[in-house]
Structure formats: C-alpha cells, structure tokens
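Some notes on the structure that comes next.
The first residue in the sequence is number 1, and the count goes up from there.
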Amino acid sequence: MKKIIDYLFYRYYLICLKNEEFPRFGAACILSEVISITYMFASFLFSFFLTGSFFFSYISKLTLVIWIIGFILPWIGVYIYYNKKRTLVLFKKFQDNIYNAKYSDKAVLSIRYIILIVGLLLMLFLYQF
C-alpha cells in the first residue's frame, strides 16, 4: 500500500510540475484528498458493520474527534512526510516505471473520483440489506 501511495504522490508531483503549479503542495493536497475520501468510506463501512447503520446511533465527542483527526491529519502528515529528500528518492525510484507511459495524467487524476463512486455504490449496495 505504501508503494502505491508513493507512486501516486510521484505522479501528482509530475502533473503539478507540468502544469506549472506548486508541485509539492499540489501533490500533497491531491493525495490527502484521496486518503481522506478513503478514510471516510472506511469509517462509514466500519460503523455499518458494527451497528447496521452508516452513522453511529449516537455521535459522542470521541467519534467526532476521530473523524476530525481522520480528515485533518492526512493533510498535515502528507505534506511533512514528502519533503525534498523523500521526493528525490521517489524520482530515482519511479523514473523508469512502466506505468508512467501506460497510464495518462487524466487517468491518474481520476482515481479520487473512482474511489468516491465505488464507495458510494458500495454504501448503496449495503444499504439494501
């Protein structure tokens, strides 16, 4: 899983460089968005399997704190983790990867929408039971 996340950051970084945006900040924002969406659906599915509902029957302060941490922590953590040294290591590691030419930039950027649609469809499917 770590290798996939590293590769996604690398590709988002290249896309931001190509579009002449802030590469580290832009790549960190897009990757954090993907992680936050995944966390949201994982927490919804976890509560569904525990209680039979997508939302806990009561929202305690602990649940609220966990959700806030789950949405804010990736934004800070990704930006701090992928510093200049780590980015250089990723450039050396993924420079000659076969997936660089295989998948276009639009396909890589659409991953966040695919995760969102799959999560919503999964929630719709599970809600039928």
Side-chain angles (χ1 to χ4, degrees):
M1 184 60 105
K2 184 180 178 314
K3 190 173 183 179
I4 293 171
I5 292 173
D6 284 346
Y7 180 72
L8 284 176
F9 182 83
Y10 167 75
R11 285 297 299 265
Y12 293 148
Y13 193 91
L14 288 181
I15 291 168
C16 289
L17 275 177
K18 189 184 298 182
N19 293 333
E20 297 177 1
E21 299 171 353
F22 300 107
R24 182 175 166 222
F25 181 74
C29 286
I30 296 171
L31 185 61
S32 298
E33 182 181 356
V34 170
I35 292 171
S36 294
I37 290 171
T38 306
Y39 176 79
M40 178 186 69
F41 284 119
S43 67
F44 285 154
L45 293 175
F46 180 70
S47 74
F48 179 79
F49 288 123
L50 284 180
T51 64
S53 176
F54 287 113
F55 301 102
F56 289 111
S57 57
Y58 63 92
I59 295 186
S60 66
K61 290 181 182 177
L62 178 64
T63 306
L64 188 61
V65 168
I66 290 172
W67 280 7
I68 290 172
I69 289 172
F71 284 112
I72 295 174
L73 192 62
W75 294 84
I76 298 167
V78 167
Y79 188 75
I80 292 172
Y81 180 72
Y82 290 105
N83 54 21
K84 290 180 182 181
K85 291 179 184 178
R86 181 74 182 146
T87 305
L88 288 175
V89 169
L90 292 178
F91 266 93
K92 292 176 185 175
K93 183 177 180 182
F94 294 118
Q95 187 173 12
D96 297 326
N97 198 330
I98 59 170
Y99 297 114
N100 291 341
K102 190 173 184 179
Y103 296 112
S104 68
D105 291 345
K106 290 181 181 178
V108 173
L109 284 173
S110 67
I111 287 175
R112 56 187 165 179
Y113 302 117
I114 292 170
I115 291 173
L116 183 66
I117 290 170
V118 167
L120 288 173
L121 289 174
L122 185 61
M123 286 177 67
L124 180 68
F125 176 73
L126 288 175
Y127 189 70
Q128 303 299 319
F129 296 108

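Hydrophobic clustering keeps Phe9 apart from Trp75 (ILVMFWY residues linked when any side-chain heavy atoms are closer than 4.5 Å, directly or through intermediates). Placement of Tyr81 and Leu8 within a single hydrophobic cluster is found when ILVMFWY residues are connected by side-chain heavy-atom separations under 4.5 Å, directly or transitively. Under the 4.5 Å side-chain heavy-atom criterion for Ile, Leu, Val, Met, Phe, Trp and Tyr, Leu17 and Leu88 are members of distinct hydrophobic clusters.
Every residue two or more places apart in sequence or in another chain that forms a side chain to side chain donor-acceptor pair (under 3.5 Å) with Asp105 is listed here: Arg11, Lys18. The side-chain contact (heavy atoms from CB on, under 4.5 Å) check on Ile114 picks up Ser110, Val118, with sequence neighbours excluded. The salt bridge (Lys or Arg N to Asp or Glu O under 4.0 Å) check on Lys102 picks up nothing, with sequence neighbours excluded.
Here the shortest heavy-atom pairing between Tyr39 and Gly70 reads CE2-CA, 3.3 Å.
Two residues are said to be in side-chain contact when any heavy atoms from C-beta on lie closer than 4.5 Å; Val108 and Tyr10 fail this criterion. Residues Leu122 and Phe41 form no side-chain contact, since every pair of their non-hydrogen atoms from C-beta on lies 4.5 Å or further apart. Using a 4.5 Å heavy-atom threshold, the side chains of Phe125 and Leu121 count as separate. Put simply, the side chain of Leu109 reaches to within 4.5 Å of the side chain of Tyr12, judged on heavy atoms.
Atom CZ of residue Phe71 and atom CD1 of residue Ile35 lie 12.5 Å apart, to the nearest 0.5 angstrom. Note: Ile69 CD1 to Ile76 CD1 = 10.5 Å, rounded to the nearest 0.5 Å. With rounding to the nearest 0.5 angstrom, the CG atom of Leu116 is 13.5 Å from the CD1 atom of Ile111. Taking CD1 from Ile117 and CG from Leu124, the interatomic distance works out to 13.0 Å, rounded to the nearest 0.5 Å. One finds the CD1 atom of Ile98 at 8.5 Å from the OH atom of Tyr103 (value rounded to the nearest 0.5 Å).
No more than 12 heavy atoms of other residues, nucleotides or ligands shown are found within 6.0 angstrom of OH on Tyr99.
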Let me check something: any side-chain donor-acceptor pairs from residues 24-33 under 3.5 Å, sequence neighbours excluded? List them with distances.
{"residue": "Arg24", "atom": "NE", "partner": "Tyr82", "partner atom": "O", "Å": "2.8"}
{"residue": "Arg24", "atom": "NH2", "partner": "Tyr79", "partner atom": "O", "Å": "2.5"}
{"residue": "Ser32", "atom": "OG", "partner": "Ala28", "partner atom": "O", "Å": "2.6"}
{"residue": "Ser32", "atom": "OG", "partner": "Pro74", "partner atom": "O", "Å": "3.2"}
{"residue": "Glu33", "atom": "OE1", "partner": "Arg112", "partner atom": "NH1", "Å": "3.0"}

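Other cluster members for Val89: none, since no ILVMFWY side-chain heavy atom sits under 4.5 Å from it.
The stretch residues 85-98 participates, sequence neighbours left out, in these salt bridge (charged side-chain N to carboxylate O under 4.0 Å, His left out) pairs: Asp6-Arg86.
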